Amino acid sequence: MRSKDETRLDPWLATAAKTKLAAFAAGVDADRDAVAAAISTPWSSGQAEGTICRLKSIKRQMYGRAKLNLLKARIMMPA
């Protein structure tokens with residue numbers, strides 16, 4: 001995936017299907033078009049994913065008390 005070469009996907013899937021990664025490879029194979037597009041396009045959703053992960057982590061730390069006003073206060077801390 002780092003090489004951005006989607007032609008390497010099929011050989012990797014064939015190899016992975018014979019290892020302990022078989023279930024993962026089957027899931028990737030089921031959504032092959034989306035995976036190939038993700039490999040070949042230059043765009044990344046890393047920034048959004050990081051923000052979502054941070055938000056979910058804060059919500060977990062607050063044990064369900066994360067209503068909108070309290071969550072906003074935790075995320076939008078004053079500078």
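What you see is a predicted model; the values in this text were computed from it and never measured.
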Separation of R8 CZ from L13 CG (nearest 0.5 Å) =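 Rounded to the nearest 0.5 Å, the CG-CZ separation comes to 12.5 Å.
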ask   = Nearest 0.5 Å, what's the OG1-CH2 distance between T7 and W12?
value =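 Nearest 0.5 Å value for the OG1-CH2 distance: 15.0 Å.
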task = Sequence neighbours left out, what passes side-chain contact (heavy atoms from CB on, under 4.5 Å) with I52? Give chain and number order.
result =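 If we apply the side-chain contact (heavy atoms from CB on, under 4.5 Å) test to I52, skipping adjacent residues, the hits are K56.
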Would you be so kind as to tabulate the donor-acceptor pairs closer than 3.5 Å made by side chains of residues 16-23, with sequence neighbours excluded?
from, atom 1, to, atom 2, distance (Å)
T19, OG1, A16, O, 2.9
T19, OG1, L21, N, 3.2

inquiry  = By the salt bridge (charged side-chain N to carboxylate O under 4.0 Å, His left out) test, which pairs, at least two apart or in different chains, include something from residues 22-31?
reply    =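 Those involving residues 22-31 are D29-R32.
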By side chain to side chain donor-acceptor pair (under 3.5 Å) - contacts of S57 (at least two apart) =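 By the side chain to side chain donor-acceptor pair (under 3.5 Å) rule, S57 matches no residue at all.
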query = Quick one: are D5 and I39 in side-chain contact, heavy atoms under 4.5 Å?
reply =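 The answer is no, as the side chains (C-beta and beyond) never meet within the 4.5 Å cut-off.
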